[in-house]
Amino acid sequence: HDNQGIGALLEYDCRPIVISDASGYLPDDDDPVTRIPGVAGRSIGIYGDRVREEQLIEARLEEAHRPLALMHLRKGIAGVALAPIGPNGEPIEPPRREPPDDFRGEAFGVASSVQDLVSKVRTDLDSFSEVEAYTLELDGYLMAKPNLVDEPAIVALTRGAGARDWRFLAVATAAEQGSQAAYLRHLTKAKSRFFKAAALSVTGKIETLMMGLIALGLVGGLLLIDRVRAWFAADLPVWATLATVGVALLVLALYLLPRLPQPMRGISEFLFTQAFPALLAIPFWISSLATLLLSKAFLAAGRVQRVLG
């Protein structure tokens with residue numbers, strides 16, 4: 001149940017507490033899905049989010065005797081708290097800003113539009129560009145001062161820190177203003193896990209197109225081989241169909257069933273810890289080469305000098 005990861009710290013009355021949260025929060029949804037699978041997933045998400053909020057509220061309420069520094073990537077982004085509908089059909093309270101303007105540490109020199117984009121940054125399974133890395137570093141650096149350094153009980157933890165000429169300060173003006181189109185475009189694409197190079201780089205677009213044409217050519221070439229075409233055109237006996245479905249169900253059962261008797265357990269271990277990983281290694285190896293090729297274009301497109309001039 002310790003969704004936030006601080007339950008033990010609160011239980012053992014640790015002090016002070018410094019929390020740096022990566023902020024994979026449950027997003028608000030004005031039009032949530034109403035079918036059972038979507039509702040079930042959303043319910044689980046709400047449950048975990050509620051546990052986390054309760055722990056943070058507990059830590060915040062005890063801040064007077066247990067100093068707390070809380071930093072997360074949604075700081076500085078205002079939301080609106082909506083009250084439930086009352087008996088008269090109207091909200092029991094008017095909408096209110098959340099958090100309030102006087103909440104400590106919500107202003108630290110990063111525009112809320114930029115902060116919103118930073119909170120959604122995800123790796124493209126290869127690397128962070130300079131713009132992404134510098135912006136994340138700057139965000140943590142600026143956020144730390146009102147939330148950490150200005151807290152008297154915690155200031156001892158930052159002994160020796162001070163103003164430095166850090167490289168990431170190169171994006172400070174752009175992050176504060178939140179108006180430079182090229183900078184915002186790069187951060188907007190930072191939430192994607194794939195194809196960021198194709199979106200941000202002309203070289204990446206060309207490389208992606210070439211790899212797509214090569215893959216299409218290979219598939220087309222295979223279909224031109226008479227033996228391959230004949231295999232697709234051949235009639236499939238009923239026994240072959242049943243055997244295929246049976247094998248597929250057997251493999252699924254071996255994967256899903258937790259307790260299997262021998263020798264089925266040994267077969268399951270062999271399939272899913274040795275055979276399948278060995279087969280999957282081939283396409284993963286090919287895709288990793290493609291990813292590394294595109295990564296060079298992505299990193300070049302994300303140089304601070306190139307984006308900000």
Side-chain angles (χ1 to χ4, degrees), residues 24 26-27 29 31-46 48 120 122-127 188-298 301:
L26 179 77
D29 191 347
D31 187 22
V33 295
T34 55
R35 291 187 174 88
I36 290 176
V39 172
R42 184 79 178 169
S43 299
I44 294 172
I46 291 172
K120 299 171 183 176
R122 293 294 180 265
T123 174
D124 194 25
L125 303 182
D126 50 9
S127 54
T188 299
K189 295 298 181 182
K191 66 182 179 181
S192 303
R193 294 184 186 275
F194 303 99
F195 304 116
K196 287 196 285 190
L200 296 170
S201 165
V202 174
T203 303
K205 286 182 173 65
I206 294 173
E207 291 175 346
T208 302
L209 179 61
M210 290 179 62
M211 285 188 286
L213 291 175
I214 290 172
L216 189 63
L218 289 174
V219 173
L222 285 173
L223 293 178
L224 291 177
I225 299 174
D226 291 339
R227 185 175 296 179
V228 174
R229 293 170 62 189
W231 185 79
F232 277 107
D235 293 333
L236 190 64
V238 174
W239 67 265
T241 303
L242 294 176
T244 302
V245 173
V247 170
L249 291 176
L250 176 61
V251 170
L252 183 63
L254 289 174
Y255 183 77
L256 294 178
L257 297 178
R259 294 181 178 85
L260 293 168
Q262 293 293 358
M264 301 301 289
R265 181 179 297 181
I267 295 174
S268 175
E269 288 292 324
F270 171 76
L271 282 177
F272 298 110
T273 64
Q274 299 179 46
F276 282 2
L279 292 174
L280 288 174
I282 299 172
F284 278 132
W285 178 73
I286 295 173
S287 64
S288 68
L289 291 180
T291 300
L292 291 172
L293 176 65
L294 291 171
S295 180
K296 294 181 180 180
F298 171 64

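When reading the values below, keep in mind they use all heavy atoms of this one structure, side chains included, and skip hydrogens, waters and symmetry mates. The model shown is predicted, which means the values in this text are computed figures rather than measured ones.
The distance from atom CD1 of I44 to atom CG of L26, rounded to the nearest 0.5 Å, is 11.5 Å. Atoms NZ and NZ, on K196 and K189 in that order, are 11.0 Å from each other to the nearest 0.5 Å. M211 contributes atom CE, which lies 10.5 Å from atom OG of S287 (distance to the nearest 0.5 angstrom). Taking CG of L209 as the reference point, atom CG of L213 lies at 4.5 Å (rounded to 0.5 Å). Distance check, rounded to the nearest 0.5 Å: CG of L252 to CG of L257 gives 8.5 Å.
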Kindly determine whether T203 and F298 satisfy side-chain contact (heavy atoms from CB on, under 4.5 Å), including the steps that lead there. CA-CA 9 Å; T203 303; F298 171 64; over 6 Å; no
Output, in order, the C-alpha distance, side-chain angles, deciding distance and verdict of side-chain contact (heavy atoms from CB on, under 4.5 Å) for R35 and V39. CA-CA 6 Å; R35 291 187 174 88; V39 172; over 6 Å; no
Please determine whether side-chain contact (heavy atoms from CB on, under 4.5 Å) holds for the pair V33 and R42, giving the CA-CA distance in whole Å, both sets of side-chain angles, and the decisive distance to 0.1 Å. CA-CA 9 Å; V33 295; R42 184 79 178 169; over 6 Å; no
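Side-chain N or O atoms of S192 include none that pairs as donor or acceptor with a backbone N or O of F194 at under 3.5 Å. In this structure, K191 contributes its side chain and K120 its backbone to no donor-acceptor pair below 3.5 Å. With S295 contributing its side chain and T291 its backbone, the two residues share no donor-acceptor pair below 3.5 Å. Under a 3.5 Å cut-off, the side chain of T208 and the backbone N or O of G204 do form a donor-acceptor pair. In this structure, the side chain of E269 does not engage the main chain of T273 through any donor-acceptor pair within 3.5 Å.
No more than 12 heavy atoms of other residues, nucleotides or ligands sit less than 6.0 Å from atom CD1 of I36. Residue-environment remark: OH (Y255) stays at or below the threshold of 12 foreign heavy atoms within 6.0 Å. Around NZ of K205, the count of heavy atoms belonging to other residues, nucleotides or ligands within 6.0 Å exceeds 12.
Residues L254 and M264 approach most closely at CD2-CE, 3.6 Å, considering heavy atoms.
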Output side-chain donor-acceptor pairs under 3.5 Å for residues 240-247, partner residues at least two apart or in another chain, one line each.
unit_1 : atom_1 : unit_2 : atom_2 : d
T241   : OG1    : P237   : O      : 3.3
T244   : OG1    : A240   : O      : 2.8

